[in-house]
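Sequence lines set the chain letters: A, B, ... in the order given, protein chains first and strands last, and positions in each chain run from 1.
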Protein chains: 2
Amino acid sequence: MTDPMSDRPAYNQVAEQLRQRIYSGELPPGSKLPSEAGLIKQYNVSRVTARGAIKELQTEGLIVTRQGKGSFVRDREPTRRLHAERYQSDAAYAAKRIAEPATSYGFDYLADRERYRVDTSFRETRASPRVAELFGIPAREAVLERRLIFYIDDRPEQIITSYLLHAVVRGTPVADPDNEPWPGGAIGALASLGIMAVAVEESVRSRMPTPEEADTLRLATGVPVLVITRRTLAEDNRAVEVAADIVLPADRVTIDYRMDLSE
Amino acid sequence: MTDPMSDRPAYNQVAEQLRQRIYSGELPPGSKLPSEAGLIKQYNVSRVTARGAIKELQTEGLIVTRQGKGSFVRDREPTRRLHAERYQSDAAYAAKRIAEPATSYGFDYLADRERYRVDTSFRETRASPRVAELFGIPAREAVLERRLIFYIDDRPEQIITSYLLHAVVRGTPVADPDNEPWPGGAIGALASLGIMAVAVEESVRSRMPTPEEADTLRLATGVPVLVITRRTLAEDNRAVEVAADIVLPADRVTIDYRMDLSE
DNA sequence: CAGTGGTCTAGACCACGCT
DNA sequence: GCGTGGTCTAGACCACTGT
């Protein structure tokens, strides 16, 4: 059943045939793949070879495998949309132009308020070279590091590591972890101190998660993370908050932006 | 050297120790990991177990392995920044407010013009349900599918699948693949037909590449792709171009956005 | 209990990179 | 030629899932 004349290894040929059956829809999301024993018989290969094919599809994020049950075509998770317009909404709330923030950490604030939870861990530290560069300040300046893990329906949805200048927030309610989640997010928190954000810059990249990230975000193998680095700017484009890493599960999140071209 | 009392498998323990040596900087980018034979001796494990540890680090994107040479800590590629402001620049060029487009497909147009190349393949087809939804038109309407592979220094940097309404571009220079890359991108091409874009929407997500994508983008294992879906909007927020998948190598690209909060 | 995947072993042969 | 990784085999024992 595998072609020994092919220049491609047997495990790759098996994987390719399964992949085609998945892409074609013959094996829809949730459906069960042949068992290892089945593949061994069907393709007349050893167990290691059959497992190699399975492994290949796992690392591509096509299937998930459960011990004692089998391998299954991965279900497509409903993706939550993270709208960049939430920042405009946060700013409008901070400026008291609207009564309630529309979102919190990108979630629908009014509809989902009861469903979410945030774990906070604050500490005073000194700016790393990277954080200092993002702020535009000398390294080792005192900063407040806020580590937030955001859950919805008890499922972790984002890991935020955010920094505020210690000189600005020391002794204020903003430095108190019990006040998280702050209505209007970082923009709302800064506004409570009289600091009005005028712009937000985001840089988006992606990579495979560290084992710790895969664990806390409960990621299947073959699922990358989206990583946003955010700078919240006040007048003169001076950075007043820096989120050096917002880590999101890539199988559950889409990030939306809109750029107006009118001058 | 591995702890048989641990509940974690041997290959995982070996991987964890190597991972720590990489994260700690003891094994910096580019440096060589112990050979399989070395791991077998050092940890007193079988070859399969040693290879399992290597495989784990590969799928995390931490190392690359070359036959006959060994495994090496992955070099961090210099990431190219894809600025969303390029759309404003394209629009300014299209409106003849500036003499030259600043970028082309996100690359610096003036500095890099000689270094890039684009492979094009156009075809007339009917809108898939997804493309139709992005356009806001009935499915099966005639569209021009433009498939562009963009290279810089002969290295593929993005795969674009973009759609234009056939009714709009039929018989025009825009429908001629030889005119790619169009100065000012899709916005410039539309402007030549008198259609002025007023906004661009982008949705960003991430996943592992298909084998074909990994091949054309020359991606190492453990490197995801960033996928952008773009809608170019004219007045009344009517979509005039749809890029249903801009696929970018996540180890070489960062996407930058800026949101102004002033009302 | 049977069926499933998870881990591990010892051993073989092949292909690539370099000296 | 030697050291490196790539593929493959046969076989063993363990752990989880469900009847």
Side-chain angles (χ1 to χ4, degrees), chain A residues 1-18 27 30-60 62-74 211 214-215 220-222, chain B residues 1-18 27 30-74 211 214-215 218 220-222:
Chain A
M1 276 312 204
T2 60
D3 175 9
M5 291 301 128
S6 167
D7 56 339
R8 310 183 67 166
Y11 72 90
N12 191 1
Q13 294 179 45
V14 175
E16 178 59 22
Q17 298 208 24
L18 293 172
L27 291 171
S31 63
K32 187 174 176 306
L33 268 68
S35 70
E36 292 179 1
L39 293 175
I40 289 166
K41 266 195 212 161
Q42 189 180 346
Y43 291 97
N44 192 33
V45 293
S46 73
R47 185 161 178 217
V48 171
T49 302
R51 284 178 66 82
I54 298 285
K55 187 87 178 173
E56 189 171 317
L57 300 177
Q58 276 177 18
T59 62
E60 278 171 41
L62 283 181
I63 65 171
V64 291
T65 299
R66 309 217 179 285
Q67 188 172 6
K69 300 191 75 170
S71 291
F72 302 85
V73 180
R74 224 181 72 203
D215 189 51
T221 58
Chain B
M1 274 312 203
T2 60
D3 175 9
M5 290 303 130
S6 166
D7 55 341
R8 312 182 67 165
Y11 73 90
N12 191 358
Q13 294 180 44
V14 175
E16 178 57 24
Q17 298 208 23
L18 293 172
L27 292 170
S31 62
K32 187 175 177 304
L33 268 69
S35 71
E36 294 180 1
L39 293 175
I40 290 165
K41 264 196 216 162
Q42 189 182 343
Y43 291 98
N44 192 32
V45 293
S46 74
R47 186 159 176 219
V48 172
T49 302
R51 284 178 66 81
I54 298 286
K55 188 86 178 174
E56 188 172 319
L57 301 176
Q58 275 176 21
T59 62
E60 278 171 40
L62 282 182
I63 65 173
V64 291
T65 299
R66 311 219 175 285
Q67 188 172 7
K69 300 192 71 172
S71 291
F72 302 85
V73 180
R74 223 180 75 203
D215 190 50
R218 295 188 217 150
T221 57

Next on the checklist: Are the side chains of B:Gln17 and B:Tyr43 in contact, using a 4.5 Å heavy-atom criterion?
Outcome noted: yes
Next on the checklist: Heavy-atom count check: over 12 atoms from other residues, nucleotides or ligands less than 6.0 Å from A:Lys32 NZ?
Outcome noted: yes
Checklist entry - Closest heavy-atom contact between A:Ala53 and A:Ala15? => result CB-N, 3.7 Å
Checklist outcome for this item: The side chain to side chain contact (heavy atoms under 4.5 Å, CB included) partners of A:Gln58 (sequence neighbours excluded) come to A:Ile54, A:Lys55, A:Ile63, A:Thr65, A:Thr221
Checklist entry - For B:Leu57 and D:dG5, what is the distance between atoms CG and C1' respectively, to the nearest whole Å? => result 15 Å
Give each protein N/O atom lying under 3.5 Å from an N/O atom of nucleotides 14-17 of chain D, with the pair distance.
from   : atom 1 : to      : atom 2 : distance (Å)
D:dA15 : N3     : A:Gln67 : NE2    : 3.1

Item to check | Partner residues of B:Glu56 under the side-chain hydrogen bond (donor to acceptor under 3.5 Å, both in side chains) criterion, sequence neighbours left out | outcome: B:Arg19
Checklist entry - In Å, rounded to the nearest 0.5 Å, how long is the span from CZ of B:Phe72 to CZ of B:Arg74? => result 15.0 Å
Checklist entry - Do the side chains of B:Val73 and B:Leu33 get nearer than 4.5 Å, heavy atoms only? => result yes
Checklist entry - Which part of the nucleic acid does B:Arg66 contact within heavy-atom distance under 4.0 Å: base, sugar-phosphate only, or nothing? => result sugar-phosphate
Checklist entry - Does a side-chain heavy-atom distance below 4.5 Å link A:Pro211 with B:Glu60? => result yes
Checklist entry - Are any non-hydrogen side-chain atoms of B:Leu39 and B:Leu18 less than 4.5 angstrom apart? => result yes
Checklist entry - Who are the salt bridge (Lys or Arg N to Asp or Glu O under 4.0 Å) partners of B:Arg51, not counting sequence neighbours? => result B:Glu36
Checklist entry - Which two nucleotides bound the region of DNA chain C that has atoms under 4.0 Å from heavy atoms of chain A, read 5' to 3'? => result C:dG3 to C:dT7
Checklist entry - Between residues 43-50 of chain A and DNA chain C, which residues have a heavy-atom gap below 4.0 Å? => result A:Arg47
